[in-house]
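What follows is a short report on a single structure.
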Amino acid sequence: MGMGMGMGTDRYDIPDVDAFTRVYWDAAADGRLLVRRCGGCGRAHHYPREFCPFCWSEDVVWEGASGLATLYTWSVVHRNDLPPFGERTPYVAAVVDLDEGPRMMTEVVDATEGELWVGMGLEVAFRDGVPVFRPRGGSRTAVRLQ
């Protein structure tokens, strides 16, 4: 990752932006999550690519995502020496399933490890223009439904 967005300081939580991904990161800066949808097979994918990873079609367009997801798996990171992660430990690195279908690597915020479970509902939030996820409703008192 590296410098990221021309900020001039080493931050490893902000991606390098190129001409193709600029649409995605500009939307994220505005609080909108995008995925790519294939006009050939109809499937959505993430991370953004210029072609469909399922059928190889180049008939792929940007689409606004709902921002809703379910937790697939996670790990609590207790040490990370790359700035600014060291200031955030412990944090929850996670993989979520977006409601549109794609699986996405991210971070879960506003919840402790004991409040997490596979399949719990999450919603997107944005930190410095980067999508992260929190329990749906944004409340730490979300009730787990059986």
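What you are looking at is a predicted structure, and each value in this text was computed from that prediction instead of being measured.
Other residues, nucleotides and ligands contribute over 12 non-hydrogen atoms within 6.0 Å of the CD atom of E63.
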All N/O donor-acceptor pairs, side-chain side in residues 92-104, below 3.5 Å, sequence neighbours left out:
unit_1, atom_1, unit_2, atom_2, d
D97, OD1, R103, NE, 2.7
D97, OD1, R103, NH2, 3.3
D97, OD2, R103, NH2, 3.3
E100, OE2, S66, N, 2.7
E100, OE2, S66, OG, 3.1

Indicate every side-chain donor-acceptor pair of residues 45-56 with a distance under 3.5 Å to a residue at least two apart or in another chain.
unit_1, atom_1, unit_2, atom_2, d
R49, NH1, Y47, O, 3.2

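For R136 (side chain) and A69 (main-chain N/O), a donor-acceptor pair under 3.5 Å exists by modelled atom type. Side-chain atoms of T89 do not come within 3.5 Å of backbone N or O of Y91 as any donor-acceptor pair. A donor-acceptor distance shorter than 3.5 angstrom exists from the side chain of D18 to the backbone of F20, with no hydrogens or angles considered.
Residues R37 and G42 come closest through the heavy atom pair NH1-O, 2.9 Å. Minimum heavy-atom separation, E115 to T112: OE1-N, 2.6 Å. Taking both residues in full, the closest heavy atoms of D59 and G40 are given as OD2-N, 3.9 Å, listed atom of the first, atom of the second, then distance.
Grouping the Ile, Leu, Val, Met, Phe, Trp and Tyr side chains by contacts below 4.5 angstrom, directly or via other members, places V76 with L116. Linking Ile, Leu, Val, Met, Phe, Trp and Tyr residues whenever their side-chain heavy atoms come within less than 4.5 Å places W74 and M120 in a single cluster. In the hydrophobic cluster analysis, where Ile, Leu, Val, Met, Phe, Trp and Tyr join through side-chain heavy atoms closer than 4.5 angstrom, L34 is grouped together with V130. Both V23 and V17 sit in one connected hydrophobic cluster of ILVMFWY residues. Membership requires side-chain heavy atoms under 4.5 Å apart, directly or through other members. In the hydrophobic cluster analysis, where Ile, Leu, Val, Met, Phe, Trp and Tyr join through side-chain heavy atoms closer than 4.5 angstrom, V35 is grouped apart from V60.
Both the sub-6.0 Å distance and the 45° axial angle are satisfied by R36 relative to the ring of W62.
For Y24, there are no side-chain hydrogen bond (donor to acceptor under 3.5 Å, both in side chains) partners at least two apart in sequence or on another chain.
Looking at heavy atoms from C-beta onward, V108 lies out of side-chain contact with V132 at the 4.5 angstrom threshold. With contacts defined as side-chain heavy-atom distances shorter than 4.5 Å, the pair T70/F133 does not qualify. Residues F126 and D30 have side chains not in contact (no heavy-atom distance under 4.5 Å, counting atoms from C-beta outward).
Between R134 and E123 a salt bridge is recorded (basic side-chain N to carboxylate O distance below 4.0 Å).
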